[in-house]
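This report refers to the structure that appears directly beneath it.
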Amino acid sequence: MVLNKTAVKRLFNDEGIQVNILALNNIDDWALSVIYEMTQRAKKQGMKRLIPKKISNILPTIVINEDD
């Protein structure tokens, strides 16, 4: 688990959107894959420490694939 599912669910609920556990698991899997890609980019760049100003150097391009 990468994300605090209660916090994510609360964000959706605050906007009047119900979200079930399967959707939360998918969101968590997506976040994990993005973070993994960031770690691989940081490693390829030889980073030893990630600081806020370097985050933009390792952010992946995010492509949304809508299944609905």
Side-chain angles (χ1 to χ4, degrees):
M1 177 172 74
V2 174
L3 300 173
N4 179 328
K5 288 185 173 85
T6 302
V8 173
K9 187 173 183 174
R10 187 174 301 122
L11 288 170
F12 279 96
N13 290 161
D14 288 349
E15 298 300 324
I17 302 166
Q18 293 181 354
V19 60
N20 69 20
I21 191 66
L22 295 176
L24 288 172
N25 288 340
N26 286 335
I27 293 167
D28 193 64
D29 289 345
W30 171 82
L32 179 60
S33 70
V34 170
I35 294 168
Y36 179 77
E37 187 172 341
M38 290 173 67
T39 62
Q40 295 307 301
R41 287 172 180 240
K43 182 178 178 181
K44 285 180 185 176
Q45 293 179 24
M47 283 187 191
K48 297 294 180 186
R49 177 174 290 133
L50 181 60
I51 59 176
K53 71 178 185 178
K54 290 186 177 181
I55 289 177
S56 62
N57 296 341
I58 63 168
L59 287 174
T61 303
I62 299 173
V63 178
I64 304 296
N65 181 11
E66 296 184 18
D67 292 333
D68 50 328

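All values derive from a computational prediction rather than experimental measurement.
- Within the structure, the side chain to side chain donor-acceptor pair (under 3.5 Å) test picks out the following pairs touching residues 1-18 (sequence neighbours left out): K5-N25.
- Taking CG from L24 and CG from L3, the interatomic distance works out to 9.0 Å, rounded to the nearest 0.5 Å.
- Between M47 and N57, some side-chain heavy-atom pair lies under the 4.5 Å cut-off.
- Scored by the side chain to side chain contact (heavy atoms under 4.5 Å, CB included) test, F12 finds V8, I17, V19, I27 as partners (sequence neighbours excluded).
- The salt bridge (Lys or Arg N to Asp or Glu O under 4.0 Å) analysis of residues 41-51, with sequence neighbours excluded, yields the pairs E37-R41.
- With rounding to the nearest 0.5 angstrom, the CE atom of M38 is 5.0 Å from the CG atom of L59.
- Follow the hydrophobic side-chain contacts under 4.5 Å out from W30 and you reach I58 in the same cluster.
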